[in-house]
Amino acid sequence: MSHSRTFSTASKDGHIAHANLKQSHHQGPIRNVVPAAADYDTSHTIEARKYLRTYGLTPPAVDTFENQNKRALAILNSKKTPIEKYQYLSILRSTNVHLFYRLLAENVKELTPLIYTPTVGEACQRWSELYTQPEGMYLSFSDRGHLHTVIQNWPHHDVEITVVTDGSRILGLGDLGIDGMGIPVGKLSLYTACAGIHPLKTLPLCLDLGTSNKEKREDPLYMGSRRDKVTPEEEKEFLDELMAALTERWPGIVIQYEDFKNPFPSLERYQETYTMFNDDIQGTGAVILGGFINAVKQSGTAPKDQRAVFLGAGSAGVGVAKQLTQFFMQEGLSEEEAKKRFWLVDSQGLVALDRGKLADHKQYFARDDNDGKQYKSLEEVVEYVKPTILMGLSTIGGAFTPKILERMAELNDRPVIFPLSNPSSKSECTFEEAIKHTKGKCLFASGSPFPTLKHDGKDLVPGQGNNMYVFPGIGLGAILSKSVSVTQNMIYASAEALSTSLLDNEIKENWLYPDIRRIRDVSVVVTHGVIRQAQKDHVDRELALRHLSDEELTEYIRNRMYDPHTEVERVNEEIRELAEHVIGSPVEAKGGAKRGVASRPGTGSGA
Ligand SMILES: NC(=O)c1ccc[n+]([C@@H]2O[C@H](COP(=O)([O-])OP(=O)(O)OC[C@H]3O[C@@H](n4cnc5c(N)ncnc54)[C@H](O)[C@@H]3O)[C@@H](O)[C@H]2O)c1
Ligand SMILES: O=C(O)C[C@H](O)C(=O)O
Ligand SMILES: [Mg+2]
């Protein structure tokens, strides 16, 4: 059969079949936005190209995965700076989406810092300056009253998850307004890479609710509205409309809130009525708890004897402290005893009841036993509390000074040091500083990645308390179980599952978190834990999953995960079958993508 015949037959009669195919892949019309790029994959067969009407629009040869990878990695390596690499990877995601995810799966450790923290921090700071292409949806305050209509413009019909920010607290970099779009884009890339949520089913969403950042507002290149930040009341009304509009278009959509300056009111308002969670409060709490459970085992100090000083009492600080409180209670402490294990410090010093008016979210952990003394600096608080644990969620780079680190090492055999602020420039200390000033004694995890170090002839690997260990599994668990809400128990279950996901060799090496290259496998374990908890909490609607054994559920999760290594083949195959159906005779394969990737570290067996 000649190509032209296949082409003309398919284009004439194939119209309905084409629509069916599109529907079965949940794609919308081909448009110049990220996911439609799937159609332009250079490893599509000739038949597939004709069917998708991309024939002639890509170079004639059918590429192998090996060649695609080789070319892409060579181009990537030729870029000199992280931001240039970030830009190249964004273009790749927009023009050859499955290749982007194959590269990410095979090089997750090397590429995550380029598509997420720390590089995404610079990308957001310069978003309007570097803007080249649409990568998500922007909704403005001036669109209120019409959000439902605007949302119809998103060209993909089967969105399962969205990450939404208003850009008002991007990492530790402050209010960046709509330039915060890099965060939803980056986090959703991780949802796809780690938990196999199909890229076409993700929606990066950035709200243009004004910005308190005067520099942005006055920057001629800034691409958001130039108004000041809307009031909390206006924000609430806008979010009410948004939540309704999103769920109306995509019933059951999972909505992840991210990097809002004050995320507590929206979490409280929506967590029981929508399938939503806040990653900065809840995901951070879970990921730190997951590593902390392992740190407690290794430190040898019982939960009742732990004393935790937190620098930073914002969404992440309070979220983590609450999650650890729940853990201490599970370990037998009363709520009052558990709560008393925490001393939170903010920009004014120790958070204490006698300090004057406190923000609502700080009340719970406010101390009432400081005998009227106001402890202003972290050093003073460390001296007063003599902590076993030091957490940093303050956005203040270098706040864990050599003196403080040395003191932690004097006080403890194995001090827990977690400088969690992002990006790397905001980390309260580096891995090298922590090792040097505690003489290698500390149990360490940071928010952004640090390189491995040699100490006393041994290679020391830093833990990374990166939320990507949990949020993809929380999201996928909620999607697959069709949960009506994301309960606090489901979040807790994600942390417990994470803590059990270390392999024997990782435990032997005293790691707190599993090797990031196994992230797909870890996400399966987390998803499993989240689904089982959804069932216990009776918020699941996919009741059939209740009848699966643990092995069957694991298999089910793996089978539901998008695998960029098999996706092109799958589409090629489906087109072949459709063409056969429409044309009435089999279409011969004229070559196509060979998987040809012998080992795929980090991808699990999600095919
Ligand atoms: N897993 C992770 O690594 C992870 C997850 C979430 C957030 N974070 C990071 O945590 C940081 C905080 O995030 P957030 O959402 O809580 O922000 P936030 O703005 O809600 O809170 C910041 C807190 O730091 C305090 N602070 C500011 N300056 C201080 C100073 N000089 N001394 C002491 N405290 C000071 C503020 O008072 C506030 O309590 C960010 O850098 C973010 O990137 C990391
Ligand atoms: O996802 C992370 O680990 C980053 C976090 O959400 C942050 O705001 O810094
Ligand atoms: Mg965040």
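Values in this document were obtained by computation on a predicted structure and should not be read as measured data. Read the numbers this way: they start at 1 and go in the same order the structure lists the ligands and their atoms.
Side-chain contact between F342 and L324 is present, with heavy atoms from C-beta onward closer than 4.5 Å. Within the 4.5 Å cutoff, the side chain of F100 has heavy atoms near those of the S189 side chain.
For atom 16 (O) of ligand 1, the nearest protein heavy atom (residue, atom name, distance) is A316 N, 2.9 Å. Counting protein heavy atoms only, atom 30 (C) of ligand 1 is closest to I396 CG1, 3.6 Å. Taking atom 27 (C) of ligand 1 as the reference point, the nearest protein heavy-atom neighbour is S394 O, 3.5 Å. Atom 1 (N) of ligand 1 has its closest protein heavy atom at N467 OD1, 2.5 Å. Looking only at heavy atoms of the protein, atom 39 (O) of ligand 1 is closest to A313 N, 2.9 Å. N422 ND2, 3.7 Å is the protein heavy atom nearest to atom 4 (C) of ligand 1. Closest to atom 3 (O) of ligand 2 among all protein heavy atoms lies N467 N, 3.1 Å. Looking only at heavy atoms of the protein, atom 9 (O) of ligand 2 is closest to N422 ND2, 2.8 Å. From the protein, the heavy atom lying nearest to atom 11 (C) of ligand 1 is S421 OG, 3.6 Å.
Each of the atoms 23 (C), 24 (O), 25 (C), 39 (O) of ligand 1 lies under 4.0 Å from some heavy atom of G312. Near G172, the atoms of ligand 1 lying under 4.0 angstrom from a non-hydrogen atom of the residue are 40 (C), 41 (O), 43 (O). Counting atoms of ligand 2 from 1 in the listed order, those under 4.0 Å from a heavy atom of L171 are 7 (C), 8 (O), 9 (O). Which parts of ligand 1 touch L311 is read off a 4.0 Å heavy-atom cut-off, strictly below it: atoms 33 (C). Close contacts of ligand 2 with K187, meaning ligand atoms under 4.0 Å from a residue heavy atom, involve 1 (O), 2 (C), 5 (C), 6 (O).
The heavy atom nearest to atom 9 (C) of ligand 1, considering only V381, I281, L420, L173, is found in L420. Comparing I170, T395, L393, D346 by heavy-atom distance to atom 23 (C) of ligand 1, the nearest is L393. The heavy atom nearest to atom 36 (C) of ligand 1, considering only S315, G397, S347, is found in S347. Taking only non-hydrogen atoms, the option from T284, N466, N278, D279 nearest to atom 5 (C) of ligand 1 is T284. Counting heavy atoms only, G314 comes closest to atom 18 (P) of ligand 1 of the residues A359, G314, A399.
Checked by distance only, ligand 1 and G465 come closer than 3.5 Å through their nitrogen or oxygen atoms. For ligand 1, the polar-atom distance check finds no N/O of S446 at less than 3.5 Å from any of the ligand's N/O atoms. Checking only distances, D280 never comes within under 3.5 Å of ligand 1, N or O to N or O. Looking at ligand 1, you won't find any N or O of I288 less than 3.5 Å from one of its N or O atoms.
Residue contacts with ligand 2, taken as heavy atom pairs separated by less than 4.0 Å, involve D259 solely via side-chain atoms from C-beta onward. Under 4.0 angstrom from ligand 2, the non-hydrogen atoms of R169 all belong to its side chain. Only side-chain heavy atoms of E258 come within less than 4.0 Å of ligand 2; its backbone N, CA, C and O stay farther off. The part of D280 lying near ligand 2 is the side chain, judged by heavy-atom distances below 4.0 Å.
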Could you walk me through whether N213 and D175 pass the side-chain hydrogen bond (donor to acceptor under 3.5 Å, both in side chains) check? CA-CA 6 Å; N213 186 331; D175 185 345; 5.8 Å; no
Take Q326 and E335 through the side-chain hydrogen bond (donor to acceptor under 3.5 Å, both in side chains) test and state the conclusion after the steps. CA-CA 8 Å; Q326 200 179 348; E335 183 174 355; over 6 Å; no
Is there a side-chain hydrogen bond (donor to acceptor under 3.5 Å, both in side chains) between D280 and S315? Walk through the geometry before answering. CA-CA 6 Å; D280 294 298; S315 46; 5.5 Å; no
Going through the checks in order, is the side chain to side chain contact (heavy atoms under 4.5 Å, CB included) test met by M276 and L267? CA-CA 8 Å; M276 67 81 70; L267 179 61; 3.8 Å; yes
N422 vs S448, side-chain hydrogen bond (donor to acceptor under 3.5 Å, both in side chains): CA-CA, chis, key distance, verdict: CA-CA 6 Å; N422 294 318; S448 295; 2.7 Å; yes
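Around the NZ atom of K386, the shell of radius 6.0 Å holds more than 12 heavy atoms that belong to other residues, nucleotides or ligands. The local environment of CG in D369 is crowded, with over 12 non-hydrogen atoms from other residues, nucleotides or ligands closer than 6.0 Å. Around the NZ atom of K373, the shell of radius 6.0 Å holds no more than 12 heavy atoms that belong to other residues, nucleotides or ligands.
Ion pairing of K229 with D166 is present here, as a side-chain N (NZ or NE/NH1/NH2) and a carboxylate O approach within less than 4.0 Å. Using a cutoff of 4.0 Å between basic side-chain nitrogens and carboxylate oxygens, E506 and R518 are scored as salt-bridged. E233 has a carboxylate O that lies under 4.0 Å from a charged side-chain N of K236, or vice versa, which qualifies the two as a salt bridge.
Of all protein N, O or S atoms, those under 2.8 Å from the Mg ion (ligand 3) number 3.
Y492 and Q533 share no side-chain donor-acceptor pair at under 3.5 Å.
One finds the OG1 atom of T165 at 10.5 Å from the OH atom of Y257 (value rounded to the nearest 0.5 Å).
Residue pairs meeting the salt bridge (charged side-chain N to carboxylate O under 4.0 Å, His left out) criterion with at least one member in residues 418-432: none, sequence neighbours excluded.
Look at K261 and you'll find a heavy atom under 4.0 Å from some atom of ligand 1. The closest approach between R169 and ligand 1 falls below 4.0 Å for a heavy atom of the residue.
No option in S421, S427, P423 other than P423 meets the side chain to side chain contact (heavy atoms under 4.5 Å, CB included) test with S425.
In this structure, K339 is positioned above the aromatic face of Y364, its NZ or CZ under 6.0 Å from the six-membered ring centre and within 45° of the axis. Relative to the six-membered ring of W343, R307 misses at least one condition, a distance below 6.0 Å or an angle of at most 45° to the axis.
Using a distance-only test at 3.5 Å, with no hydrogens or angles considered, a donor-acceptor pair links the side chain of R414 to the main chain of K441.
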